[in-house]
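Proteins come first, then strands; the chains are lettered A, B, ... in the order of their sequence lines, and each starts at number 1. Side-chain atoms are counted along with the backbone in the values below, which use heavy atoms only and exclude waters and symmetry mates.
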Amino acid sequence: MLPISIRGVSRRFGETLALDRMDLEVAAGEFVALVGPSGCGKTTLLRIVADLESPSSGEVRIGPQPAGTARGQRLLGLVSQRPAVLPWKRAIDDVVFTQRIARRAGFPAGDLLREFGLGGHEGKRPHHLSGGMLQRVNIASALAHDPPVLLMDEPFSALDEMKREELGEWLGQELARRPKTVLFVTHHIDEAVLLADRVLVFSPAPGRVLELASVPATRPRGPDFRRHPVFVETTAHIRRLLFRPAGVGGEAPG
Amino acid sequence: MTRAVGRALVQVAMPVVSILGLWYLAILTTGLPAFVIPRPERVFQALVADRGLITHHLIETLKAAAVGYVLANVVGIGLAVLLVALPVARQLVMPAAITLRNVPYVALVTVLSLALGDTLGSKVAIVVLAGFFPVMVNTYRGLLAADPVVLDRMRVLSASPLEIFLHVRLPYALPFIVSAQEITGSGSIIVAIAAEWMISGSGLGYVINRAMQQYRGDQVYAVALLAALLSFLVYSAVHVMGRRLDWQSAARDRA
């Protein structure tokens with residue numbers, strides 16, 4: 001596990017400012033969720049951390065090195081909303097493929113899939129898997145080389161509500177077994193609070209830190225946590241921040 | 001099982017019956033002379049009687065078509081890879097390729113026959129010129145059809161450009177390359193025959209040309225029938241092979 005340090009990161013697309021001087025320190029093994037309105041730059045920030053995009057200014061460090069070096073050393077795992085599995089590969093081959101490209105052995109592919117509840121489905125190709133199973137394969141493939149840092153971009157948003165909640169809880173359990181430093185983009189406040197140690201609330205575009213809310217409860221958290229006062233209060237608080245009418249206190253503090 | 005065989009027989013018999021029916025109908029209604037529309041039985045007789053001559057020229061045609069087909073793929077896929085690897089090359093290659101595509105083939109054939117004479121080389125060159133473009137365009141599209149999400153995955157894993165090409169771009173392009181083969185494969189035979197008809201003293205095209213001058217309608221039809229059959233066989237073979245190679249339709253079949 002490695003810490004992530006985001007310092008003064010801004011990103012412009014032409015004239016538009018997408019991210020405005022973002023600062024965030026993520027401790028090793030910490031889970032930080034990024035929430036905010038559409039187009040606030042949370043995915044852009046994730047892509048900058050993944051070194052898929054460059055910041056216009058500022059820098060990202062993963063452990064002691066810049067994000068680019070960390071990517072070169074295959075220290076990152078990326079989970080996209082749409083599964084990044086290869087359509088012609090069996091589930092098990094897809095997991096092995098990550099290890100081959102990353103040149104890191106990581107977890108035994110068969111064990112990983114079985115622990116992910118995919119026992120008996122290892123030989124299936126993507127079109128024979130349900131959306132939920134496919135996303136599990138996708139996560140297994142992203143984790144296959146055992147990267148210390150996991151970057152997740154709305155991994156469950158394409159699933160129906162029940163599957164989304166189920167997989168959210170499942171991910172919490174899995175991360176307890178395989179601790180990672182996690183950045184998790186979502187627009188579901190409940191999902192963020194269920195999973196994260198801290199929730200970074202974005203302002204509307206250009207993205208700034210509106211608030212960094214802590215979720216003071218141990219992880220992993222089961223379905224009961226949804227009735228816990230910490231969950232109820234934190235979600236309500238974030239909801240208030242996000243649904244505040246435009247122009248009223250719209251400026252980011254600090 | 002027997003029902004399946006019966007259905008297959010019907011599927012083969014129906015087109016034959018309909019083609020022969022139309023053929024006789026044309027003879028009866030148009031009243032055209034036999035050297036314009038010979039009767040089917042005369043055509044089959046010619047096919048048998050002239051089989052030596054036809055086989056000799058058929059081999060010539062197949063040589064030109066096969067070599068041209070392979071080279072069209074080498075050139076087409078090669079250029080497509082170049083265009084994807086080196087986007088600057090687009091400005092260089094595309095205008096030339098599109099110009100070649102739009103110059104009337106008759107002019108190209110004339111120039112090539114003047115340059116190379118009546119050789120296998122000139123026929124092959126024509127087949128390549130006619131066939132590389134669909135391969136190039138389709139392959140290029142296919143190479144760009146790779147899922148951006150998968151490309152991100154590869155970049156996060158710090159994959160090399162060669163790994164991205166071999167493991168992602170090429171498999172994504174495969175269905176596109178296969179569909180180009182259906183055009184270029186059967187087209188190669190037709191183009192080779194057309195080129196022979198215009199400039200050559202050998203091959204099925206030449207046989208048609210000579211038979212025409214000798215008012216041998218039966219021979220023209222015999223060769224045409226043979227050529228159509230060949231072209232259809234190539235198309236079907238490519239199609240069947242393509243379905244096996246193509247992960248998209250293979251996936252649909254298994255689903």
Engineer: Do B/D147 and A/R82 have side-chain heavy atoms sitting under 4.5 Å apart?
Structural biologist: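 With C-beta onward as the side chain, the pair touches.
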Engineer: May I ask you to list the residues in residues 151-166 of chain B that approach chain A closer than 4.5 angstrom, counting heavy atoms only, ordered by number?
Structural biologist: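 Near chain A, by residue number: B/D152, B/R153, B/M154, B/R155, B/V156, B/L157, B/S158, B/A159, B/E163.
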Engineer: State whether the number of non-hydrogen atoms from other residues, nucleotides or ligands found under 6.0 Å of B/F232 atom CZ is greater than 12.
Structural biologist: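 Atom CZ in B/F232 is not packed in, count stays at 12 or less.
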Engineer: If you count every heavy atom of other residues, nucleotides or ligands that lies below 6.0 Å from A/R219 atom CZ, does the total exceed 12?
Structural biologist: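 Yes, the 6.0 Å shell around CZ holds more than 12 heavy atoms from other groups.
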Engineer: Contact part of A/P147 toward chain B, heavy-atom cut-off under 4.5 Å: side chain, backbone, both or neither?
Structural biologist: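 Neither part.
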Engineer: How close do B/Y172 and A/L86 get, heavy atom to heavy atom, and via which atoms?
Structural biologist: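 Closest pair (atom of B/Y172, atom of A/L86, distance): CE1-CD2, 4.5 Å.
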Engineer: Using a heavy-atom distance cut-off of less than 4.5 Å, which residues of residues 152-182 of chain A contact chain B?
Structural biologist: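 Within residues 152-182 of chain A, no residue comes under 4.5 Å of chain B, counting heavy atoms only.
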Engineer: Heavy atom to heavy atom, less than 4.5 Å: which residues from residues 94-105 of chain A reach chain B?
Structural biologist: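 Counting heavy atoms that sit under 4.5 Å from chain B, the residues of residues 94-105 of chain A involved are A/D94, A/F97, A/T98, A/R100, A/I101, A/A102, A/R103.
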Engineer: Applying a heavy-atom distance below 4.5 Å, give me the residues of residues 107-123 of chain A that approach chain B, sorted by number.
Structural biologist: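 Expected list: none.
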